[in-house]
*Asks:* 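I have a structure here, written as C-alpha cells, and I will follow up with some questions on it.
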Amino acid sequence: MENMMPRIEVLLKEAIGKALKDLFELDVNPQTIALQPTRKDYEGDFTLVVFPFVKQARKSPEETARLIGEHVQENLSEVNGFNVIKGFLNFSFTDSYWVSFLLQGAKDPDYGVTPAGKKEDVVIEFSSPNTNKPLHLGHIRNNLLGYSVAMILEAAGHKTVKVNLVNDRGIHICKSMLAWIKWGNGETPEKSGKKGDKLVGDYYVKFEAELKKEAQALKEAHNYDDDMARNDAPLMQEARTLLRKWEARDTQTVEVWKVMNNWVYKGFDSTYQRMGVNFEKIYYESDTYLLGREIVLEGLEKDVFYKKEDGSVWVDLSDEGLDHKLLLRADGTSVYMTQDIGTAQLRYDDYNIPRMVYVVGNEQNYHFEVLKKVFKKLGKPYADQLFHLSYGMVELPAGKMKSREGTVVDADELMEAMHVTAKETTEKLGKVDGFSEDEKETLFETIGMGALKYFILKVDPKKNMLFNPEESIDFNGNTGPFIQYTHARIRSILRKAEERKIYADELDITKVNLSKKEKDLLKTLYQFPEIIDQAAAAMSPAQIANYTYELAKEFNQFYHDYSVLNEPDKDASRFRLNLSVLTARVIKTAMGLLGINVPDRM
RNA sequence: GGCCUCGUAGUUCAAUGGAUAGAAUAGAAGUUUCCUAAACUUUAGAUACAGGUUCGAUUCCUGUCGAGGCUACCA
C-alpha cells in the first residue's frame, strides 16, 4: 500500500474543493466532500451531488455542476470527461489511470490490507460459552462474527487480541453437576462414547426435567406460581447449596467441577477447531469473579455502591435513566456482573489495552449499558472505550430456539450436515473426478463450511436473522459456494495461462482499450481497500460478504462475455489476465476475512 | 405497564438523506462445437399505515398498527 499511487477520490476531492473556492468562494474541507461511485446505469466513475452547494453558488444545480466539472477537468489530468444529470455531476477517469491502478494492484500480494499497528489496539471477546451445554447455532453466529470482525480489524490496521471468557461457574453449572452426582452412576465420555460437552449437557437437561416435575408437584400442593415453585423446589435448593460449597472451595465439589469442565473443554476444542476459530487467551470466570468481588467491595468503601440491610450490594443508576442493579448477592456469592467487572480489569492488567469489544447478543444490551456505567463510576480508563457488538438472534422457521423445548440446532450436527450436503451435491455434479480421497474430503468441508459461514455472515450483525436449513445448503446465487466457484474458475485460467506461457506482466499499458464490463470489474476491485475500512468501522462482516458477492458476479459476467486466453490480441489477453489475477486475490483475501477458504479447483 | 430494537418483492437479504429502491431464491422464457453451466441472459414482482422536517426520505421526527428483546439475588 505504501508505494501505491494516491487514491483518486482524494485528488478529486481536493480538486472539487479548489473549484468551490475559485468559483463560488466556498470554503469546504475536501475531506468532508461526499463522493459516491457512479451508479451503473449512468456514465462516469465517481459522482458528486451538487445540491448542497447550489444555494451558495446562486446558480441552478445543472449550472453549478457544469462549472465545477469544467474546473476540475482543467485541473486534474486523470479526469477526461464529465456529464451532468440534474444535480448529479459524474466524472470519468482516463483508461490509463485505471490500467495503471490495475498493474499496481496485481503486483501487491496484500492489496487492500493495511499493515497491523497503524491504528489502536483492540481486545475482542467472543464465544463466551457456558460449560453446562454444547454449542448451538446461536454460538456459531457469535463465533463467526467475533473471529471475522477480529480479522477485519487486523486488515484495517488494528492489532487485535482475541479472547474467550468461559462461564465455568455459577448456578447453571451447579445444576448439571448436581444431576450428574445424583443420577450419573459415574458416567464418563470414555464409558459412554459421548462427546464431553454433550454428556454434561444431557445432565443439565435432566436437571431441568426433574426440577419441572418437582415444581409441578409444589404448584398443585401449595397453589404456588411458577417462579415460587421453581425456587422452592428441593432440587433448586440443593443446587444453591452446591454453589455455596463451591465458592467455599469444598474439596469434593471442586473435584467434580474440574472433571466435568474438562470434559466440556475437550468437546469445545473440537467444535472450535472445525469452526476454524481460535483465541490468543482464554479467561475463566472462576479466575475473575473474586477480583470482581474485590473491586465491588472497594467501590462500596468509596460509596460508589451501597449495601442493603440483607447484605447484598447494589449500584444506583437511577439518576442516569437506569435502575438499581445487583452486584453481590446477600449470601456473598457473585453474579454475572461481578465477574465481568473482574474480567475487564484482569484483561486491562494483562494487555494494557483500553479498547475492548464484546461480541454478545442483543438480549444483553441492558447488561452492557450498566457495565459501562459501573466502570465509569469506578473511574476505569476502559469505561469510555467499551463497545458492545450487539448482534441479533438467530431464529428458525419454527420460531425461536428454546433449549428446554429441544428445538436448538446443535453446532456439531449442523456442521456435519453441511459437509454431507456438500459431498452429495458435488458428487452429483461430477466435479471431483480425478480428486484423491483426501482432496475430496477437504473440498467437501471447504464448501460446506463456506456455505454455512457465508449464509450467517452476509446478514447485518445487528439484525435478527432467520436460519432456514434448506436455504443455507443452497449453493447457487448469493452463497459462499458461488464465490468459491468463481475463484476456482479463475485459478483454472491462471493455471492454463502458465501452461500456455501467457504472462500478465508483459502487458503494454498503452495498448489497452477498456470495455464497459472490464472497467466495471476494475472499479469494483478498486473499492476493496475502502470496503475493508468501512467494514472495520462498522464491525460488519456483512459488508465484506456483500462486496465479495458483487465482485464475483461482476467477474462471472466478464468471464461470460470475454475470453482471457483465447483472445487473439496479446495485450488484451494479458490485460484480462491481470484482471483475473487481482480478482482471484481479492476474493481470497475477502473470504479469508470471513474465515472462509476458497478452493483452487471445484 | 416502562425501556430498547425491528417492519422493504411470495420468501431470504441489500441500499453514508440523493438519480429509475438493488440482489438472490421461488415462478415464466432462453444460452454450452468457445478458458469449469455450482455460470450467464430476459421477464414479472416490494418500502406496514398516517402525518411532519427538506431541493430531495426506505433512511430523520411524531403518532397508529404489527413482530421481537429487556425489565431476575439467571447468564
Side-chain angles (χ1 to χ4, degrees), chain A residues 34 36 38-42 47 49 51-52 54-55 61 85-88 90 128 130 132 167 170-173 227 231 240 285 308 310-314 321-323 325-331 333-337 339-340 360-367 369 390 392-393 395 397 399-400 425-426 428-429 431 447 455 458-460 462-468 470-472 474-479 481-486 488-497 500 534 537-538 542-543 545-546 549-550 552-553 555-557 559-567 576 580 601-602:
Chain A
Q36 45 196 298
T38 302
R39 294 180 53 150
K40 283 221 194 97
D41 0 324
Y42 298 91
T47 296
V49 182
F51 291 113
V54 295
K55 208 174 250 178
I85 299 170
K86 290 188 274 184
F88 298 88
N90 304 315
S128 317
N130 296 339
N132 63 337
N167 292 288
I171 191 71
H172 52 298
I173 308 299
D227 280 356
N231 270 322
R240 277 194 290 264
E285 188 184 323
K308 277 192 182 170
D310 63 5
S312 54
V313 179
W314 295 72
L322 299 181
D323 222 336
K325 193 79 190 172
L326 178 86
L327 299 177
L328 277 178
R329 292 193 189 101
D331 65 3
T333 57
S334 302
V335 290
Y336 185 47
M337 189 73 65
Q339 65 81 23
D340 253 356
V360 179
N362 63 11
E363 74 271 19
Q364 292 191 34
N365 285 355
Y366 184 69
H367 170 81
E369 261 184 78
S390 162
M393 324 234 81
E395 279 159 28
K400 231 201 128 183
T425 309
T426 305
K428 200 167 70 193
L429 289 172
K431 293 279 187 181
I447 295 173
F455 187 83
K458 76 174 175 186
V459 182
D460 183 342
K462 289 195 292 287
K463 295 192 177 171
N464 288 358
M465 67 169 290
L466 183 87
F467 185 85
N468 186 330
E470 308 221 332
E471 282 174 26
S472 73
D474 201 339
F475 295 164
N476 302 321
N478 188 357
T479 66
F482 168 86
I483 297 167
Q484 291 173 319
Y485 175 66
T486 306
R489 280 175 133 187
I490 302 176
R491 296 301 305 180
S492 173
I493 293 176
L494 301 186
R495 280 193 300 273
K496 293 203 164 79
R500 301 188 196 178
Q534 286 166 11
Q543 295 186 11
N546 288 324
Y549 172 62
E550 190 63 36
K553 212 167 42 156
F555 185 87
N556 278 322
Q557 290 165 2
Y559 180 96
H560 181 264
D561 292 350
Y562 298 94
S563 183
V564 177
L565 303 176
N566 300 328
E567 166 62 48
R576 289 174 196 162
S580 305
R601 291 191 295 155
M602 72 182 270

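In the text below, chain A, chain B and the rest are named by the order of the sequence lines, each starting its count at 1.
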*Asks:* Less than 4.0 angstrom between a side-chain N/O of A:Lys496 and OP1 or OP2 of B:rU36, yes or no?
*Replies:* yes
*Asks:* Within the structure shown, what part of the strands sits under 4.0 Å from A:Ser390 by heavy-atom distance: base, sugar-phosphate, or nothing?
*Replies:* nothing
*Asks:* May I ask you to establish whether A:Lys308 and A:Trp314 are in a cation-pi arrangement, using a distance under 6.0 Å from NZ or CZ to the six-membered ring centre and at most 45° from the ring axis?
*Replies:* yes
*Asks:* Looking only at the side chain of A:Tyr366 (C-beta and beyond, no hydrogens), which of the listed nucleotides B:rC70, B:rC55, B:rU25 gets closest?
*Replies:* B:rC70
*Asks:* Side-chain donor or acceptor of A:Lys431 under 3.5 Å from a matching atom on the base of B:rU36?
*Replies:* yes
*Asks:* Write down the distance between CG (A:Asp41) and C1' (B:rU20), rounded to a whole number of angstrom.
*Replies:* 7 Å
*Asks:* Taking the side chain of A:Glu363 as heavy atoms from C-beta outward, which of B:rA39, B:rC70, B:rC74 is closest to it?
*Replies:* B:rC70
*Asks:* Less than 4.0 angstrom between a side-chain N/O of A:Gln557 and OP1 or OP2 of B:rU41, yes or no?
*Replies:* yes
*Asks:* Name the pairs: protein N/O against N/O of nucleotides 10-17 of chain B, kept only if under 3.5 Å.
*Replies:*
from   : atom 1 : to       : atom 2 : distance (Å)
B:rC13 : OP1    : A:Leu466 : N      : 2.8
B:rA14 : OP1    : A:Asp460 : N      : 2.6
B:rA14 : OP2    : A:Lys463 : NZ     : 3.3

*Asks:* Is the shortest heavy-atom distance from the side chain of A:Leu565 to the side chain of A:Ile493 under 4.5 Å?
*Replies:* yes
*Asks:* Name the nucleic acid region contacted by A:Asn365, choosing base, sugar-phosphate or nothing; use a 4.0 angstrom heavy-atom cut-off, strictly under.
*Replies:* nothing
*Asks:* Looking at B:rA37, I'd like to know if its phosphate oxygens (OP1 or OP2) sit under 4.0 Å from a side-chain N or O belonging to A:Arg489.
*Replies:* yes
*Asks:* Would you kindly compare A:Thr38 and A:Tyr336 by the position of their nearest RNA chain B nucleotide and give the one closer to the 5′ end?
*Replies:* A:Thr38
*Asks:* Can you work out whether A:Arg39 or A:Leu565 has the more 5'-proximal nearest nucleotide on RNA chain B?
*Replies:* A:Arg39
*Asks:* State whether the aromatic ring of A:Phe51 stacks on the base of B:rG56, taking stacking to mean ring centres under 5.5 Å apart and ring planes under 30° to each other.
*Replies:* no
*Asks:* Base, sugar-phosphate, or nothing for A:Ile447, non-hydrogen atoms under 4.0 angstrom?
*Replies:* base
*Asks:* With no hydrogens and no angle check, just 3.5 Å: does a side-chain donor-acceptor pair link A:Thr486 and A:Asn556?
*Replies:* yes
*Asks:* Under 4.0 angstrom, heavy atoms only, what part of the nucleic acid is A:Gln484 near: base, sugar-phosphate, or nothing?
*Replies:* nothing
*Asks:* Would you indicate, yes or no, if B:rU36 has its OP1 or OP2 atom less than 4.0 angstrom from a side-chain nitrogen or oxygen of A:Ser492?
*Replies:* yes
*Asks:* Within the pair A:Arg329 and B:rC74, is there a side-chain N or O less than 4.0 Å away from OP1 or OP2?
*Replies:* yes
*Asks:* RNA chain B in dot-bracket, Watson-Crick or G-U pairs under 3.5 Å, [ ] crossing, | other strand?
*Replies:* (((((((..((((....[...)))).(((((.......)))))....(((((..]....))))))))))))....
*Asks:* Side chains of A:Tyr336 and A:Gln364 only: does a donor on one sit below 3.5 Å from an acceptor on the other?
*Replies:* yes
*Asks:* Using a heavy-atom cut-off of under 4.0 Å over every strand shown, decide if A:Tyr485 touches base, sugar-phosphate, or nothing.
*Replies:* base
*Asks:* Record whether the side chain of A:Thr486 comes under 3.5 Å of the base of B:rA39 through a donor-acceptor pair of N or O atoms.
*Replies:* no
*Asks:* So, are A:Lys458 and A:Glu550 salt-bridged, with charged N and O less than 4.0 Å apart?
*Replies:* no
*Asks:* Determine if A:Phe482 stacks with B:rA39; use a centre-to-centre distance below 5.5 Å and an interplanar angle below 30° as the criteria.
*Replies:* no
*Asks:* Within the 4.0 Å heavy-atom criterion, would you say A:Tyr549 contacts the bases, only the backbone, or no part of the nucleic acid?
*Replies:* sugar-phosphate
*Asks:* For a quick check of understanding: with a heavy-atom distance under 4.0 Å over all strands, which category does A:Asn90 fall into, base, sugar-phosphate or nothing?
*Replies:* base
*Asks:* Remember a base hit wins even if backbone is also touched, and classify A:Val335 as base, sugar-phosphate or nothing at under 4.0 Å, heavy atoms.
*Replies:* sugar-phosphate
*Asks:* Indicate whether the side chain of A:Arg39 and that of A:Asn90 have a donor and an acceptor atom separated by less than 3.5 Å.
*Replies:* no
